[in-house]
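Values reported hereafter were calculated over all heavy atoms of this structure, with side chains retained and with hydrogens, waters and symmetry mates removed. Ligands are counted one by one from 1 in listed order, and the atoms in each one are counted from 1 as well.
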Amino acid sequence: MTMQIVRSVADLRAALCGGPAPAFVPTMGNLHAGHLALIAQARAAASAGHPVVASIFVNRLQFAPHEDFDAYPRTFERDAELLAAQGCDLLFAPRESDLYPEPQDVKVHPPAALADVLEGAFRPGFFVGVCTVVAKLFNLVQPQWAVFGKKDYQQLMVIRHMARQLALNVEVLAGETCRADDGLALSSRNGYLSVEERAEAPFLAQTLRDLAAAVPAGPFDAAALERTAMDRLRARGWSPDYVALRQQDRLALPDATVAARPPLVVLAAARLGRTRLIDNLEIPAA
Ligand code: PAF
């Protein structure tokens with residue numbers, strides 16, 4: 001089956017009208033193997049006859065004025081070919097005027113405890129932009145399943161929370177992070193790295209693995225572990241925004257005094273030259 005490409009909301013609605021609910025993968029394009037794995041996961045989740053829909057939309061609302069909205073790589077032709085080859089049935093690629101025909105002044109504000117920390121502390125308004133566009137896309141596509149990568153762990157948690165609290169009729173599925181052979185998490189922003197920076201970049205994942213290995217099963221000092229990890233990054237020329245140990249559920253601060261360690265996740269964001277990379281690693285309960 002050839003993949004259909006639609007741009008306008010009217011064409012999207014016409015294409016989906018009366019059919020079985022899709023499995024949906026929203027993206028900002030510049031696709032890599034990580035996105036294609038999410039498409040494969042959507043295909044596997046969708047029962048027979050349910051289409052797989054992807055969207056490509058670089059969402060201005062989630063970029064701060066100083067961020068890379070204009071420079072964000074736009075590679076539509078290649079992305080469309082990759083999606084078609086991966087078995088995507090329908091690509092929704094709206095223009096800004098399709099999705100935001102008037103200034104978007106109704107916005108979805110996720111709770112501060114979940115969304116104004118970590119990424120949200122360094123990128124104010126980011127999760128308002130993400131939640132607003134994802135809610136709007138969900139409303140248009142009406143998916144039964146939606147797949148988001150664990151690479152953007154906090155985003156996944158925020159969207160799950162939004163879907164639960166707004167009683168959206170969608171099952172939010174988590175896709176595992178895809179990594180290069182040297183451990184670097186795949187990201188559209190890796191393309192900004194120089195050859196030297198690309199060689200150094202896997203050290204972020206290494207730092208997370210080392211920190212995870214250092215968390216004992218019993219009581220632990222989370223702040224000390226985080227500090228050590230940030231110092232190691234700084235010593236190699238990185239500028240870390242944060243390295244943070246959190247509980248997987250709701251990203252709550254870990255209770256480091258409990259005897260039985262709950263499932264944790266360590267999340268990090270750090271700049272290497274001009275490129276800001278994020279990564280995370282889940283740490284199972286002990
Ligand atoms: O993760 C992304 O690519 C974006 O934040 C998303 C979910 C497509 C919303 O613009």
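- Here the side chains of D89 and R43 are in contact, with some heavy-atom distance below 4.5 Å.
- Remark: R271 is not positioned above the aromatic ring of F122, lacking an NZ or CZ atom under 6.0 angstrom from the ring centre and at most 45 degrees off the axis.
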Under 3.5 Å: N or O atoms of ligand 1 paired with protein N or O:
{"from": "ligand 1", "atom 1": "1 (O)", "to": "Q155", "atom 2": "NE2", "distance (Å)": "2.8"}
{"from": "ligand 1", "atom 1": "5 (O)", "to": "Q62", "atom 2": "NE2", "distance (Å)": "2.9"}
{"from": "ligand 1", "atom 1": "5 (O)", "to": "Q155", "atom 2": "OE1", "distance (Å)": "2.8"}
{"from": "ligand 1", "atom 1": "10 (O)", "to": "Q62", "atom 2": "OE1", "distance (Å)": "2.7"}

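- No side-chain heavy atom of V53 sits less than 4.5 Å from a side-chain heavy atom of V25.
- The aromatic rings of F203 and W238 sit tilted relative to each other, their planes meeting at an angle between 30° and 60°.
- Note: F148 and Y153 fail the aromatic proximity criterion, with ring centroids not under 6.0 Å apart.
- Here the closest heavy-atom approach between residue T275 and residue L193 is recorded as CB-CD2, 3.7 Å.
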